[in-house]
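So you know, we letter chains A, B, ... as the sequences are listed, proteins then strands, and number each from 1. In what follows, every heavy atom counts, from backbone to side chain, and hydrogens, waters and symmetry copies are set aside.
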Amino acid sequence: MGSFALSPTNEKELMKRVGDIAGLTFGELAAQLNVKVPENFKREKGWSGQLIELALGASAGSKPQQDFPELGIELKTLPLSYNNQPLETTYVCYAPLTGLSGIHWETSNVKNKLQKVLWVPIQGEREIPPKDRIIGQGFIWQPNQRQQQLLQQDWEELMDMICLGKVEQITARIGEVLQIRPKAANGKALTDAIGKDGRPITTRPRGFYLRKNFTQHILDEVFC
DNA sequence: CGCTGATCATCA
DNA sequence: TGATGATCAGCG
């Protein structure tokens, strides 16, 4: 999609940009940025997020860091239904399957990424052509104590399973607010993990995702 | 391959 | 019909 040099130097500047794109359609914003809008997202699944990244000046790339490192802010788009309910779970980060000695919630990638999130709601109904989908008013969220506790509980349960060689027993049904699901280009992608009796195995890469109920609560806090 | 950005599509 | 498991594109 291309790169965008200008990056906001502070949160106020970032939120000004957020306000500027609120209410625009993907088509209108894409035109400003000289980007072509796909007919659907069957192939370009990450297009919405990349468009918003470009518009807000987020640092592109595949670095396992926050989108705005200087501001300590992570950017997430959130596709909503007509009733303003999340249509998809939210990808958080890759799930580590090896090199787990001394790993702890406090220093985990999940906690770091969710410490401060800029949520940008977007219309997500599939019957709306991408060019006509409207961008909502983005907002900053930081997990409260209760939310932190829920996230930590799930993270620890899931990481315990990974450490104990039970990654193959993990399904998306585990975890109240955080789940683990496959995260790869296809089923052929394999990575190292721990198997039964601590034996090394190879398995599909996994990622952490926030359940829709959890992001729904975040929306409720802000928009009532 | 690892990781980002995510949504798709099948089946219970 | 909604959630789980699978998949698509790009980059270092």
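Residue contacts shown for A/Pro64 are limited to sugar-phosphate atoms, with no base heavy atom under 4.0 Å away. Using a 4.0 Å heavy-atom criterion, one finds that A/Thr90 contacts no nucleic acid atom at all. Among the atoms of the strands shown, none is found under 4.0 Å from any heavy atom of A/Asn40. Across all strands shown, A/Leu190 has heavy atoms under 4.0 Å from sugar-phosphate atoms exclusively, and none from any base. Within the nucleic acid shown, A/Pro205 has no heavy atom closer than 4.0 Å to any nucleic acid atom. Among the atoms of the strands shown, base atoms are found under 4.0 Å from some heavy atom of A/Gly46. Heavy atoms of A/Phe41 sit under 4.0 angstrom from primed sugar atoms or phosphate atoms, though from no base atom. At a threshold of 4.0 angstrom between heavy atoms, the contacts of A/Gln65 with the nucleic acid are absent. Looking at heavy-atom distances under 4.0 Å, A/Ala189 makes contact with sugar-phosphate atoms alone, never a base.
Between A/Lys212 and C/dA3, a side-chain N or O to OP1/OP2 separation shorter than 4.0 Å is present. For A/Arg43 and B/dT7, the shortest distance from a side-chain N or O to OP1 or OP2 is not below 4.0 Å. Contact between the side-chain N/O atoms of A/Arg126 and the OP1/OP2 oxygens of B/dT7 is not found at any separation under 4.0 Å. Between A/Arg173 and C/dG5 there is a side-chain polar atom (N or O) within less than 4.0 angstrom of OP1 or OP2. Listed pair A/Lys113 / B/dT4 meets the phosphate criterion, a side-chain N or O lying under 4.0 Å from OP1 or OP2. When the side-chain nitrogen and oxygen atoms of A/Lys42 are compared with OP1 and OP2 of C/dA9, none of them lie within a distance under 4.0 Å. When the side-chain nitrogen and oxygen atoms of A/Thr89 are compared with OP1 and OP2 of C/dA3, none of them lie within a distance under 4.0 Å.
Separating the CD atom of A/Gln123 from the C1' atom of B/dT7 is a distance of 17 Å, rounded to the nearest angstrom. Rounded to a whole Å, the CG atom of A/Leu87 is 16 Å from the C1' atom of C/dT4. Atom C1' of nucleotide B/dA6 and atom NZ of A/Lys45 are separated by 8 Å, given to the nearest angstrom. B/dT4 atom C1' lies 16 Å from atom CD1 of A/Ile52, rounded to whole Å. Atom pair A/Arg204:CZ and C/dA6:C1' shows a separation of 8 Å (rounding to whole Å applied). A straight line from CG of A/Leu51 to P of B/dG5 spans 15 Å, rounded to a whole angstrom. Separating the NZ atom of A/Lys188 from the P atom of C/dT7 is a distance of 9 Å, rounded to the nearest angstrom. Between A/Tyr91 atom OH and B/dT7 atom P there is a gap of 14 Å when expressed in whole angstrom units.
For the 3.5 Å distance criterion, the side chains of A/Arg181 and A/Thr89 qualify, holding a donor opposite an acceptor. For the 3.5 Å distance criterion, the side chains of A/Glu156 and A/Gln152 qualify, holding a donor opposite an acceptor.
Distances from the side chain of A/Glu88 to the nucleotides B/dA6, B/dC8, C/dT7 place B/dC8 closest. Candidate nucleotides B/dG2, C/dT4, C/dT7 were compared by shortest atom distance to the side chain of A/Ala172, and C/dT4 ranks first. Nearest nucleotide to the A/Glu44 side chain, out of C/dA9, B/dT4, C/dA6: C/dA9. Comparing B/dG5, C/dA6, C/dG5 by their closest approach to the side chain of A/Gln50 singles out B/dG5.
Residues A/Leu118 and A/Met15 are in side-chain contact: their nearest non-hydrogen atoms beyond the backbone lie under 4.5 Å apart. Inter-residue side-chain proximity for A/Leu151 and A/Leu210 is flagged as met; some heavy-atom pair is nearer than 4.5 Å.
Toward the 5′ end of DNA chain B lies the nearest nucleotide of A/Ala95, the other residue of the pair A/Ala95 and A/Tyr209 mapping further downstream. Comparing A/Ser62 and A/Gln179 by the nucleotide of DNA chain C whose heavy atom lies nearest to each, the residue mapping closer to the 5' end is A/Gln179. In this structure, A/Arg181 and A/Cys93 both approach DNA chain B, and ranking their closest nucleotides by distance from the 5' end singles out A/Cys93.
No hydrogens or angles were tested; on distance alone, a donor-acceptor pair under 3.5 Å links the side chain of A/Lys183 to the base of B/dG5.
The environment of A/Gln145 atom CD is sparse: at most 12 non-hydrogen atoms of other residues, nucleotides or ligands sit within 6.0 angstrom.
Just one residue in the list A/Lys16, A/Glu11, A/Arg17 forms a side-chain contact (heavy atoms from CB on, under 4.5 Å) with A/Glu13, and that residue is A/Arg17.
A/Arg204 places no side-chain N or O within 3.5 Å of a backbone atom of A/Ala184 that could act as its donor or acceptor partner.
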